[in-house]
Amino acid sequence: MADYLESLNPPQREGVIHTEGPCMLIAGAGSGKTRVLTFRIAHLIRQQNVDPFNIMALTFTNKAAKEMRERVESVVGNDARNLWMGTFHSVFARLLRGEAHHIGYPHNFTIYDTDDAKSVLKSIIKEMALDETAYKPNVVYNRISQAKNRLISWQDYLNDPILAGEDAASMKPEIGNIYRAYSQRCFKAGAMDFDDILYNTDLLFRNHLDVLNKYQHRIQYILVDEFQDTNLCQYFIIRKLCAVQQNICVVGDDAQSIYGFRGADISNILNFEKDFPECRIIKLEQNYRSTQ
């Protein structure tokens, strides 16, 4: 089983076997990062006897999550099915299904996709008799999404003079009130949009320390792919989750953030060393996709 290590170069091997404590893998395209993550999970399960139920692996796309799960399954078999593995939204939606009652939602809450959310916003804009050319649902949705990604509640939004000034300058002074109506309507319907899944996970952990404590001890190892694409809300969640065990491995390329428009915060990767001063940094510099 351990012969998989033979196929790795020294930095890759270190990325697999250095499992305890905070670790950052700086990995460009073609440097074998998915392979390192896959073998790292396999190493935890097979060599260190970690229960897959105690491992969380987060990525950004369903395609990446599916590929990683298949690769892990090819090494460790059906055990891979017990991992907390998937996109941020799928993993934390799963967690909320069991815990949402703490924050007033039913366990079978509805998840609104983008079209559902924009449809609700369109109704609210109409009911408030606002100019639908100024308050386009798409624009309003993105503004509210940015606020949630920065952990700004509708209450905070309405009390923030800077946000009010920005909205007034863009000729949309009612966005705060739309945000309030939208949040209240979703809550009443027992529904969350994609941003709410993460916002409400952070809210749950912030306001219910017993729940946070449960998951801090249950999730013993956290791996985050494409860490440079995390937003503030995602970073706060994983930072809270790993506060006890400190076994967090993030993989990122500080030159390659592609999700800035979704609120991704490149400073997360730059601040990781400050937040985790004991962090081991491993650079995967060999590019296997280029013959150069």
Side-chain angles (χ1 to χ4, degrees), residues 4-5 8 11-28 31-76 79-92 94-95 198 201 215-231 233-254 256 259 264 268-269 272-273 275-276 278-284:
Y4 59 79
L5 293 175
L8 303 174
Q12 289 176 331
R13 194 175 303 127
E14 187 183 2
V16 169
I17 63 176
H18 179 76
T19 56
E20 304 307 298
C23 174
M24 182 192 289
L25 302 176
I26 302 293
S31 60
K33 69 180 178 68
T34 307
R35 199 174 189 201
V36 171
L37 282 177
T38 301
F39 286 162
R40 186 183 176 92
I41 294 167
H43 192 76
L44 285 168
I45 296 170
R46 285 287 178 259
Q47 300 300 310
Q48 295 182 208
N49 297 315
V50 177
D51 189 325
F53 192 57
N54 301 132
I55 301 170
M56 180 178 283
L58 301 164
T59 188
F60 275 84
T61 65
N62 289 317
K63 184 184 172 191
K66 182 171 180 283
E67 182 189 350
M68 201 185 299
R69 186 180 292 280
E70 286 170 355
R71 287 203 195 186
V72 174
E73 223 169 283
S74 72
V75 183
V76 303
D79 278 352
R81 292 173 191 176
N82 295 325
L83 292 161
W84 290 81
M85 178 182 278
T87 63
F88 273 88
H89 292 92
S90 67
V91 168
F92 291 113
R94 173 185 162 190
L95 184 149
L198 301 178
T201 300
Y215 286 96
Q216 283 174 333
H217 288 86
R218 179 176 296 176
I219 308 299
Q220 294 170 14
Y221 294 87
I222 299 176
L223 301 90
V224 185
D225 194 13
E226 306 293 1
F227 181 68
Q228 75 279 353
D229 294 327
T230 52
N231 60 41
C233 183
Q234 290 164 328
Y235 186 42
F236 272 40
I237 291 169
I238 57 178
R239 202 171 68 178
K240 285 186 179 90
L241 268 180
C242 75
V244 172
Q245 313 279 354
Q246 295 270 307
N247 295 325
I248 179 165
C249 174
V250 302
V251 183
D253 179 353
D254 55 6
Q256 204 185 17
Y259 286 119
N268 287 346
I269 201 168
F272 189 81
E273 289 175 79
D275 293 332
F276 298 95
E278 305 295 309
C279 170
R280 172 82 65 93
I281 295 178
I282 301 166
K283 295 185 178 180
L284 307 181

Ile45 versus Pro52, closest heavy-atom pair with distance = CD1-CG, 4.0 Å

If only atom types and distance count, is the side chain of Asn54 paired as donor or acceptor with the main-chain N or O of Arg218 below 3.5 Å?
-> yes

What pair of heavy atoms forms the shortest contact from Val91 to Gly86, and how long is it?
-> CG2-N, 3.5 Å

Say whether, by atom type as modelled, one donor and one acceptor occur between the side chain of Gln216 and the main chain of Gln245 under 3.5 angstrom.
-> no

For Ile282 and Pro11, work out which heavy atoms get closest and say how close.
-> CG2-O, 3.5 Å

Which pair of non-hydrogen atoms, one from Ile222 and one from Cys242, has the smallest distance, and what is that distance?
-> CD1-CB, 3.8 Å

Indicate yes or no: at least one non-hydrogen side-chain atom of His43 is less than 4.5 angstrom from one of His18.
-> no

What one should report as the nearest heavy-atom pair of Gly21 and Asn247 is N-OD1, 2.7 Å

Between the CG atom in Leu223 and the CE atom in Met85, the distance rounded to the nearest 0.5 Å is 8.0 Å

For Val16 against Val36, the heavy-atom pair lying closest together = CG2-O, 3.7 Å

Set of residues satisfying salt bridge (Lys or Arg N to Asp or Glu O under 4.0 Å) with respect to Arg280, sequence neighbours excluded = Glu14

Heavy atoms of other groups near Asp275 CG, more than 12 under 6.0 Å = yes

Can you measure from CD1 (Ile238) to CD1 (Ile248) and round to the nearest 0.5 angstrom?
-> 4.5 Å

Donor-acceptor side-chain pairing of Thr34 and Glu67 below 3.5 angstrom = no

Would you check, one step at a time, whether the test side chain to side chain contact (heavy atoms under 4.5 Å, CB included) holds for Leu8 with Arg35?
-> CA-CA 9 Å; Leu8 303 174; Arg35 199 174 189 201; 4.3 Å; yes

Please confirm whether the backbone N or O of Ala57 pairs with a side-chain atom of Trp84, one donor and one acceptor, at under 3.5 Å?
-> no

From the options Thr19, Leu83, Val75, Val50, select the one residue that forms a side chain to side chain contact (heavy atoms under 4.5 Å, CB included) with Ile41.
-> Leu83

Output for pair (Thr61 OG1, Lys66 NZ), nearest 0.5 Å, gives 11.5 Å

Please round to the nearest 0.5 Å and tell me the distance separating atom OG1 of Thr59 and atom CG of Leu37.
-> 8.5 Å

Gap between atom OH of Tyr215 and atom CD1 of Ile237 - 0.5 Å precision | 13.0 Å

Student check: side-chain heavy atoms of Gln47 and Ile17 closer than 4.5 Å | no

So how far is it from Glu226 CD to Phe60 CZ, rounded to the nearest 0.5 Å?
-> 8.0 Å

So, the side chain of Arg40 versus the backbone of Gly15: is there a donor-acceptor pair under 3.5 Å, distance only?
-> yes

Min side-chain heavy-atom separation Phe53-Gln220 under 4.5 Å = no

Applying ring pair (Phe, Tyr, Trp, His ring centres under 6.0 Å), name anything that partners Phe272, two or more places apart in sequence or on another chain.
-> Phe227, Phe276

